[in-house]
Amino acid sequence: MKTAILGPAQRAEALARMAERELDVLVVGSGVVGAGIALDAATRGLCTGLVEARDWASGTSSRSSKLIHGGLRYLEMLDFALVREALKERGLLLQRLAPHLVKPVPFLYPLQHKGWERWYAGSGVALYDGMSVSSGHGRGLPVHRHLSHKRALRVAPCLKKDALVGALQYYDAQMDDARYVATLVRTAAAYGAHVANRARVVGFLREGERVVGARVEDVEGGTEYEIRAQQIVNATGVWTDDTQALIGERGQFHVRASKGIHLVVPKDRIHSTTGLILRTEKSVLFVIPWGRHWIIGTTDTDWDLDKAHPAASSADIDYLLGHVNEVLATPLTRDDVEGVYAGLRPLLAGESDATSKLSREHTVAHPVPGLVVVAGGKYTTYRVMAKDAVDEAVHGLDRRVAECVTEDVPLVGAEGYKALWNARARIAARTGLHVARIEHLLNRYGSLAEELLELVVADPALGEPLTAADDYLRAEAVYACTHEGARHLDDVLTRRTRISIETFDRGTRSAREVAELMAPALGWDDAQIEKEITHYQKRVEAERESQRQPDDLTADAARLGAPDIVPL
């Protein structure tokens, strides 16, 4: 298998090829589920296309809590099947499919009541670990442990002494969600899928009752393509109802959006060697280790405003700060917040009591011949959702199709990762980069890090860190355009890297340097460079303004003050 390169030329070729001949499956939407469907279909030998209106993972799949977890709180709801399924997927991702991207992360659960709570919570965590092991994929994560009050404060000195009487510590896993999706798309392309971002479905092709294709607009060039396919899969998440409306058919279920916001603060503001999981009156709140930062989240509120750019209000930020400060010895303030991001969860809302209870479950439907719809679910179980969607699509094909094999298909960068990790000191000596830089690259690209190192060999200046975001090398901005499908400055600062939430300036100080690195790869002239920078600055200011507003309505209006980038 050769590594797929997703540069401008490959994107243009993919659109042309999708329009040339009928596909077996066309996937609409490239969040984690759509990308997973493209990989599942391609690895069954199906001629597969994938189109995305904006950028890979530009919606929900880049704005999550960045956790791969079994859903410990679902045990309390007695949803054992969902937890068992998610724990199996967690193990597969850690051990086999993406060990370079998915990493263990510890969490401390403070106990506030003596006696019964340790027994109650301890039983749940013990069951969680037991189900993980029984799934056959639970190796590699330490089992939970009980901590005394004194031991818990040693592990997490940030906590108020009277905020706990003891604690439990257990493990889950985490990843960079947007990077994971980009890697998933490249893996699908490596197995033959034709993939194109900035390609929006504007209508469907019909022959009688049957959907036989889609009209797809190249948002960058303005060209419209007719792409025919035996089966189309609608995997557009919170946009499911909008996409469904293009065929003029009533859906069998509806998807409502629930907004969750997260705060990013510097590592030194919370003195702890472990993440935290805290109960709130509505749900749970996580404090998640994230490199040189912490992610604090999340909220859970209905959202019926702009889906493309959900806005965090001042009330949302105060809610998170208020709850986390209940247990922190040194409280956080607004001045500690480096980044804020808001995402929308796609929750199923049916027309009967039975379907309205689906919540974080997923469902697949075939509302009209030729069109499959998949919605709901959670990030961790994307592969199962993809399998179910392709299984449904296969019913509409007039030939026998192989079973799903993605349980045994590692993502690009996984093969050889562990060997390179063991050799990281030698690679550092060979390249002249610090071993910490090599570790950074290996944990973001796996064995594909060798491709970035080749860029550095060809141009040593690319081995230097970005001036205002020194966690990242200059080579990463170039590679995002030449290999990962980045088309605009926002793609690099927000998704290929996380500069937009990891710096107090929200990436504005890096904008010019990154834009100038991207320009040669994307053929930008000086005017386009200035347009990209100006757009990004306006986007950041609109987000800052929205975060000063008291409620969702005013926050949404402020965020809409910065329109999307004007195409090239």
Side-chain angles (χ1 to χ4, degrees), residues 1-21 23-31 34-39 41-43 46-58 178-201 214 216-227 229 409 411-413 444-452 454-455 458 462 475-492 495-496 517-524 528 532 565 567-568:
M1 181 188 74
K2 70 176 184 177
T3 302
I5 296 174
L6 304 183
Q10 289 77 19
R11 174 182 174 277
E13 182 182 1
L15 284 169
R17 289 197 172 186
M18 283 189 273
E20 281 176 2
R21 53 167 289 193
L23 303 171
D24 292 321
V25 175
L26 173 65
V27 186
V28 182
S30 183
I37 293 168
L39 175 60
T43 52
L46 298 174
C47 184
T48 304
L50 171 67
V51 292
E52 162 60 44
R54 296 188 294 158
D55 185 29
W56 321 131
S58 56
R179 171 142 302 284
Y180 190 93
V181 174
T183 306
L184 198 53
V185 172
R186 287 189 70 186
T187 308
Y191 282 100
H194 306 300
V195 302
N197 55 358
R198 308 285 175 179
R200 177 185 294 116
V201 170
V216 177
E217 178 192 9
D218 176 359
V219 178
E220 304 284 82
T223 305
E224 189 172 295
Y225 297 86
E226 285 197 354
I227 299 176
V409 178
L411 271 57
V412 291
R444 283 172 54 75
Y445 305 94
S447 56
L448 299 182
E450 293 283 11
E451 296 179 347
L452 283 101
E454 289 173 7
L455 294 178
L462 296 180
E476 295 182 74
V478 176
Y479 187 82
C481 303
T482 58
H483 288 69
E484 297 181 330
R487 300 286 301 168
H488 293 286
L489 181 57
D490 186 61
D491 299 344
V492 175
R495 286 173 290 278
R496 304 304 184 281
L517 287 165
M518 296 173 68
L522 297 177
W524 291 351
Q528 185 64 31
E532 295 282 339
I565 183 71
L568 299 173

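In this chain, residues are counted from 1 in sequence order.
Shown here are the side chain to side chain contact (heavy atoms under 4.5 Å, CB included) partners of Ala229, two or more places apart in sequence or in another chain: Leu23, Leu26, Ile232. Here Ala19 pairs with Tyr225 under the side chain to side chain contact (heavy atoms under 4.5 Å, CB included) rule; sequence neighbours left out. Scanning for side chain to side chain contact (heavy atoms under 4.5 Å, CB included) contacts around Ala477 gives Val492, Val514, Leu517, with sequence neighbours left out. Partners of Ala16 under the side chain to side chain contact (heavy atoms under 4.5 Å, CB included) rule, at least two apart in sequence or in another chain, do not exist in this structure. Residues forming a salt bridge (charged side-chain N to carboxylate O under 4.0 Å, His left out) with Glu13 (at least two apart in sequence, or on another chain): Arg17. For Glu454, the salt bridge (charged side-chain N to carboxylate O under 4.0 Å, His left out) test picks out no residue, with sequence neighbours left out. Under the rule for a salt bridge (charged side-chain N to carboxylate O under 4.0 Å, His left out), Glu20 has no partner lying at least two apart in sequence or in another chain. Residues satisfying the side-chain hydrogen bond (donor to acceptor under 3.5 Å, both in side chains) test with Glu224, not counting sequence neighbours, are Arg215. When the salt bridge (charged side-chain N to carboxylate O under 4.0 Å, His left out) test is applied to Asp490, the partners found at least two apart in sequence or on another chain are Arg495, Arg539. In terms of the ring-ring contact (aromatic ring centres under 6.0 Å, His included) criterion, residue partners of Tyr445 (sequence neighbours excluded) are, by chain and number, Tyr479.
A donor-acceptor contact shorter than 3.5 Å is absent between the side chain of Glu450 and the backbone of Ser447. Side-chain N or O atoms of Thr48 include none that pairs as donor or acceptor with a backbone N or O of Val25 at under 3.5 Å. The backbone N or O of Ala35 sits nowhere less than 3.5 Å from a side-chain atom of Trp56 that would complete a donor-acceptor pair. When atom types are taken as modelled, the side chain of Thr183 and the backbone of Arg179 share a donor-acceptor pair closer than 3.5 angstrom.
You'll find the side chain of Ser30 reaches within 4.5 Å of the side chain of Val185, heavy atoms only. By the 4.5 Å heavy-atom criterion applied to side chains, Cys481 and Arg496 are not counted as neighbours. The side-chain heavy atoms of Arg487 and Arg11, taken from C-beta on, include a pair separated by under 4.5 Å. Within the 4.5 Å cutoff, the side chain of Arg54 has no heavy atoms near those of the Val219 side chain. Between Ile565 and Glu532, the closest side-chain pair of non-hydrogen atoms falls below 4.5 Å.
Each of Leu50, Asp55, Leu6 was evaluated against Asn197; a single residue qualifies, Asp55, per the side chain to side chain contact (heavy atoms under 4.5 Å, CB included) test.
Residues in residues 190-200 take part in these salt bridge (charged side-chain N to carboxylate O under 4.0 Å, His left out) pairs, two or more places apart or across chains: Arg198-Asp491, Arg200-Glu217.
The closest side-chain donor-acceptor pair between His488 and Glu220 falls under 3.5 angstrom.
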